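Structure record follows, encoded as structure tokens.
Since the structure is predicted, the reported quantities are computational estimates derived from the model, not experimental observations.
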Amino acid sequence: MANSASAPLRRTRATGRRSPLASVALLVIGLVATGGAYAAFTSSATAQSTASVEALVNEGEKLFIANCASCHGLSAEGTDNAPTLIGVGAASVDFQVGTGRMPMAASGPQAEVKPTQFTDEQTAAMAAYVASLAPGPAIPAAEYLTGEGDVANGAELFRINCAMCHNVAGAGGALTEGKYAPALQDIDPVHVYEAMVTGPQNMPVFSDLNITPEDKADIIAYLAYLDDNPSAGGLNLGSLGPVSEGLFVWIFVLGSIVAITVWLTARSN
Amino acid sequence: MAEQDSADTGTAVEKHEVPTAAPGTAVVSSDRVENPGFEPHRPRVSDLSPEKEKQNERRVAGLFFASMIGAVGSIVAYIALPFEPGDPASVQLSNMLIGLGIALSMLGIGFGAIHWAKSLMANEHAVEYRHPVRGTEETRARAVEIFQLGNKESGFTRRKLIRNSLIGALAIFPLPAVVLFRGLAPDEDPVELFKHTMWDTGVRLTRDPDGTPIKASDVTIGSAFHVIPEGLGESEHKLEEKAKAAVLLMRLKPEDLTVSAGREDWNYQGIVAYSKICTHVGCPVALYEQQTHHLLCPCHQSQFDIKREAEVIFGPAKRPLPQLPITIDSEGYLVARSDFEEPVGPSFWERSL
């Protein structure tokens, strides 16, 4: 059996029209062709993108001077009213402008979320301008923003690093003197990531050296899980824990006990 | 029905003497509440109209039927809405319907019974007086007699040896419990346990929860790290040690820090480490505001100013958070210079400070 199977194989090789070197040659030609094409394409693409980045930065600078410079200074050096933006990075601009926090409507304990004032392109232009001033955190890669990840690990990291301010269910919480940690329900993952790397307002910075990008992706996965899975325990009363639950018990449960007691002892009419 | 006047005979209520007015005062005060007597008897609608009586009868029966519906409904909900494994939210509707059904079944019986009693059962006033507490002379004499007979038959006062040895046995029998429960206390002096944590000279600061060491260069300005001592994962009483040794690490601009004499080398280029255990009642203090540099305790709103060595600026805490002296080792990792110089956490009886 073995002989009869190997014999035709050998014959095919011997009488094959292709030279033994043909496949090697083909491989070399293929590699050279794709490599050359890639090199040609990327060099032109780089040239192109350099030009477009410059245009973007110029556009961003114009927008910055028109809309931001009155508080942040003409060259983003900061004034008495607002901090410097040198070195805050593109991620900071994308977070603050992309969530509508900047430009601020009025000075207050902290910038409020409101409808965004700029289009995505304008935001990207300003981000590119601020990023061109000094190196800073960049807008995160899409691979960390999918909401896929180790939810259990994300939950543990969230409880250790985030839950004391943002509440274990991401419902937010009060800080001092009118400041507060906002609720994290249905937040765009890119803004969650940017908030961690830039530390907007009074939030501390959780840089990639503290919490790795993979761990940040797990935290985002945990928040996505919270969004997709409502509380199993029925009414969560805002997930605020003993505050809202205690208020409910004192007002409604004690109230109905008093009402039933009154009814029990009242005479029938 | 008893007569009003006989009400005083059996009551345990002491009569209150009406204070006599001093000569010269015009107003005689009395704090005795007037006995209002009974309200006039008022017939109910069910007593007057047979229609209303029928209606109330239907209501009571309706409540009992509602109870039946609730009980059966909760069984139906349990069978019709099984829990999906791996989907905690599927429990929600099922639990709510089961709970509502059971509540309806119990409240239906309760409300029905009360409504029945109030609207349909006999409607008349009745007075029941308390019995006098004191027994009759005859009963009292008989009780004394029984005690004396018991004493005579058992010889409790006559056989002094038996009586005294019984008293001795009763006094000693709880002692094993005292000795055994005392053995549950920790071997070490608890005061010493309070005074020391896992931190020691050269112990690296590591990230909570994975225990990786932290380089000074990792801690950028405005960062906050939640820190546990190196080797916590291997320690015997992990949670107890963590409860004492948990630390919050922050980096401020060095010029923002006010450093008191003797603490000059406790921070490393503006990186400071403070105990996370509140000095009020021991909640973890970790709500760090990176612009104001205030730390807020979520339990009772104590605030600590990190710029001024965690001084208390608001709230019930009385002492600043203890600072962990830190430096770096030869590889650039942050390490503790020593343990905390004072006990962490809330005050305790033997705390000398």
Side-chain angles (χ1 to χ4, degrees), chain A residues 83 87-88 109-110 136-137 153 155-157 159-168 173-177 179-181 196-212 215 225 228-236 241-243 256 260-261 263-269, chain B residues 39 42 44-47 56 87-93 95-96 99 107 110-111 114-115 117-121 123 207-210 214-215 217-226 228 248-251 276 283-298 301 303 313-314:
Chain A
V88 300
Q110 70 186 49
N153 182 43
E156 184 174 19
L157 289 164
R159 285 196 299 273
I160 288 169
N161 291 289
C162 324
M164 70 287 298
C165 295
H166 286 289
N167 172 315
V168 72
L175 293 171
T176 67
E177 292 167 17
K179 299 185 282 287
Y180 61 91
M196 285 190 271
V197 286
T198 62
Q201 304 180 50
N202 266 300
M203 175 169 163
V205 177
F206 296 94
S207 68
D208 290 349
L209 299 169
N210 184 1
I211 300 175
T212 62
D215 284 341
Y225 177 87
D228 296 341
N229 293 275
S231 156
L235 290 179
N236 58 26
V243 175
S256 31
I260 289 173
T261 314
W263 175 74
L264 271 177
T265 53
R267 252 189 238 165
S268 182
N269 61 346
Chain B
E39 285 174 32
R42 181 176 56 79
R44 302 166 302 189
V45 285
S46 329
D47 301 332
N56 277 326
D87 179 16
S90 69
V91 178
Q92 204 176 1
L93 184 66
N95 268 1
M96 189 180 71
L107 288 175
F111 279 96
I114 301 285
H115 191 56
K118 283 173 54 167
S119 65
L120 293 174
M121 287 188 189
N123 174 27
R207 288 177 184 83
D208 188 9
D210 58 2
I214 302 165
K215 276 203 160 119
S217 54
D218 295 349
V219 189
T220 49
I221 296 260
S223 283
F225 281 61
H226 297 263
I228 50 176
L248 191 68
L249 187 74
M250 293 146 285
R251 184 169 206 158
K276 229 159 81 172
C283 288
V285 188
L287 283 73
Y288 174 57
E289 299 180 355
Q290 65 120 334
Q291 288 179 347
T292 58
H293 308 298
H294 292 171
L295 256 181
L296 170 66
C297 180
Q301 282 70 48
Q303 282 174 38
I313 50 172
F314 183 83

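Interface remark: B:I214 contributes no atoms to any contact with chain A (heavy atom separation under 4.5 Å).
Closest approach of B:L296 and A:L175 over heavy atoms only: CD2-CA, 3.8 Å. Closest approach of A:L209 to B:S217, counting heavy atoms only: CD1-O, 4.0 Å. Across every non-hydrogen atom of B:R42 and A:R267, the tightest pair is NH2-CB, 4.1 Å. Taking both residues in full, the closest heavy atoms of B:A224 and A:N210 are given as O-ND2, 3.2 Å, listed atom of the first, atom of the second, then distance.
Note that CE of A:M164 is 4.0 Å distant from NE2 of B:H226, once rounded to the nearest 0.5 Å. How far CZ of B:R207 is from CG of A:N161: 10.0 Å, rounded to the nearest 0.5 Å. Atom OG of A:S268 sits about 6.0 Å away from atom CG of B:N56, to the nearest 0.5 Å. B:D210 contributes atom CG, which lies 9.0 Å from atom CD of A:E156 (distance to the nearest 0.5 angstrom).
Between chain B and the options A:A174, A:P83, A:A266, heavy-atom pairs under 4.5 Å are most frequent for A:A266. Of the listed residues (A:I260, A:L264, A:D208), the greatest number of heavy-atom pairs within a distance under 4.5 Å of chain B belongs to A:L264. Per-residue heavy-atom pair counts under 4.5 Å with chain A were compared for B:N95, B:T292, B:T220, B:V91, and the maximum is reached by B:T292. When each of B:G99, B:P209, B:P284, B:A117 is checked for heavy-atom pairs under 4.5 Å with chain A, B:P209 comes out on top.
Annotation for B:F314: atom CZ does not count as buried by contact number, only 12 or fewer foreign heavy atoms lying within 6.0 Å.
The main-chain N or O of B:Q291 is found under 3.5 Å from a side-chain atom of A:N202 such that the two form a donor-acceptor pair.
The aromatic rings of B:F111 and A:W263 are tilted relative to each other, their planes meeting at an angle between 30° and 60°.
A donor-acceptor contact under 3.5 angstrom links the side chains of A:T176 and B:E289, judged on distance only.
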